[in-house]
Amino acid sequence: DIVLTQSPALAVSLGQRATISCRASESVRSSMHWYQQKSGQQPKLLIYGASNLASGVPARFSGSGSGTDFTFTIDPVEADDIATYYCQQSRNDPLTFGSGTKLEIK
Amino acid sequence: QVQLQQSGAELAKPGSSVKISCKASGYTFTSYYISWIKQTTGQGLEYIGYINTGSGGTNYNEKFKGKATLTVDKSSSTAFMQLSSLTPDDSAVYYCARLGLLPNWFAYWGQGTLVTVSS
C-alpha cells in the first residue's frame with residue numbers, strides 16, 4: 001500500500017499563509033487529492049488531481065506537486081479554516097489517506 | 001444538489017452483523033461509484049472498497065475482505081454495507097462517498113454512521 005506522510009499539526013496566525021505537506025512512499029503522479037474535515041463533520045473535497053479546485057471552494061485554497069511530494073496551501077488563513085486536512089492518493093489500489101494535519105490558529 | 005443520507009447509529013454485540021444504508025439523491029445514481037470509508041481516532045481514514053452502482057461489481061481493500069459486503073438497490077438509489085462478525089475493533093464512524101466515473105477522489109460524502117460494538 002502507498003503510505004502518505006503528513007505532519008500532525010500546524011499553527012498559523014490569521015491572515016497568514018498555511019502550507020501543509022504530504023509525501024508519498026512511491027510516485028502517485030498527479031493522483032493526489034485534499035480534504036478538509038471540521039470537528040464533528042464529514043470530510044469535504046477541496047483539491048483533486050493535485051492542483052484542481054473543487055466546485056465552490058474558495059481560491060484561498062490551492063494545491064501543487066507531483067510524484068511523491070505535494071503541498072496544500074491556504075492563503076490567507078481565516079478563522080473558519082480550523083480543521084484537519086487529509087491528503088489521499090488514487091494512483092494505486094487500495095486508495096489511501098494521510099494521517100491528517102490539524103490546523104490551529106496562533 | 002448531490003446528497004448522501006446515511007442510516008442512524010448502531011449499537012451491536014460482538015459476533016453480530018450490521019447493515020448501513022446510504023441513500024443518494026440529486027444525480028443519476030448509476031453513473032457514479034459509491035465507496036465506503038472507515039474512520040477511527042487511532043487509524044484515521046481507511047478505504048474499505050467501492051461498488052459500481054450500475055453493474056453491482058465490487059472492489060475491496062484486502063484488509064476488509066470478509067468483513068464488509070457492499071450491495072446496491074438501484075430502484076431506491078441506495079447503497080448498503082454489511083459488516084459481519086463484529087469485534088470492538090469495528091467500532092468507528094463509517095462514511096459512504098461518491099466517487100467519479102473511476103475510483104479516484106471522493107467528491108461527496110454522507111454524514112457518517114457511528115457503529116459501536118460492545119457487549
Side-chain angles (χ1 to χ4, degrees), chain A residues 1-9 20 22-25 28-57 61 63 65-66 70 72 83-102, chain B residues 1-7 9 20 22 24 26-27 32-52 57-68 70 92-114:
Chain A
D1 297 2
I2 294 178
V3 176
L4 303 179
T5 301
Q6 298 182 245
S7 50
I20 296 172
C22 177
R23 174 162 288 177
S25 59
V28 299
R29 297 193 181 179
S30 61
S31 300
M32 184 65 76
H33 323 295
W34 292 90
Y35 302 85
Q36 175 193 66
Q37 186 176 32
K38 296 181 179 179
S39 180
Q41 297 184 16
Q42 67 269 50
K44 174 186 175 183
L45 176 70
L46 298 181
I47 300 287
Y48 64 93
S51 60
N52 300 290
L53 206 61
S55 177
V57 175
F61 298 95
S66 65
F70 296 85
F72 172 79
T84 300
Y85 293 86
Y86 296 92
C87 55
Q88 174 246 321
Q89 67 81 24
S90 60
R91 175 64 182 158
N92 281 4
D93 188 42
L95 309 182
T96 52
F97 292 87
S99 55
T101 298
K102 188 173 184 178
Chain B
Q1 72 282 21
V2 175
Q3 288 191 327
L4 299 172
Q5 183 65 39
Q6 296 184 229
S7 49
I20 304 168
C22 171
Y27 71 98
Y32 298 90
Y33 296 175
I34 291 283
S35 184
W36 293 86
I37 299 105
K38 177 182 182 182
Q39 185 169 36
T40 59
T41 304
Q43 296 297 316
L45 293 164
E46 295 182 277
Y47 162 76
I48 295 171
Y50 70 79
I51 186 163
N52 180 322
T58 54
N59 176 276
Y60 294 95
N61 183 340
E62 281 291 331
K63 180 177 179 180
F64 292 94
K65 284 184 178 178
K67 171 62 64 178
L70 307 184
V93 175
Y94 291 88
Y95 293 100
C96 64
R98 197 193 85 173
L99 289 164
L101 297 176
L102 295 172
N104 37 40
W105 57 85
F106 305 100
Y108 298 93
W109 295 64
Q111 83 276 20
T113 296
L114 175 64

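Values in this document were obtained by computation on a predicted structure and should not be read as measured data. Throughout, protein chains are lettered first and strands after them, A, B, ... in sequence-line order, and every chain is numbered starting at 1.
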* Can you say whether B:Q39 sits under 4.5 Å from chain A via the side chain, the backbone, both, or neither, judging by heavy atoms? -> side chain
* **Aromatic ring pairing B:F106/A:F97, orientation class (parallel under 30°, perpendicular over 60°, tilted between)** => parallel
* Structure fact -> Okay, B:I37 and chain A: the region with an atom under 4.5 Å from a heavy atom over there is side chain
* Asked: Given that the side chain runs from C-beta out, which part of A:Q37 has a heavy atom under 4.5 Å from chain B: side chain, backbone, both or neither?
  -> side chain
* **Top contributor to chain B interface from A:P43, A:G49, A:S31 [non-hydrogen pairs under 4.5 Å]** => A:P43
* To do: Calculate, to the nearest 0.5 Å, the distance between atoms CD and NE2 belonging to A:Q89 and A:H33 respectively.
  => 8.0 Å
* When rounded to the nearest 0.5 angstrom, what is the spacing between OG1 in A:T101 and CD1 in A:I20? -> 5.0 Å
* To do: Under 4.5 Å heavy-atom distance to chain A, tell me which part of B:Y95 shows up: side chain, backbone, both or neither.
  => side chain
* Report the residues that fulfil side-chain hydrogen bond (donor to acceptor under 3.5 Å, both in side chains) with B:K63, sequence neighbours left out, ordered by chain and then residue number. => B:E46
* Are the aromatic ring centres of A:F61 and A:W34 under 6.0 angstrom apart? -> no
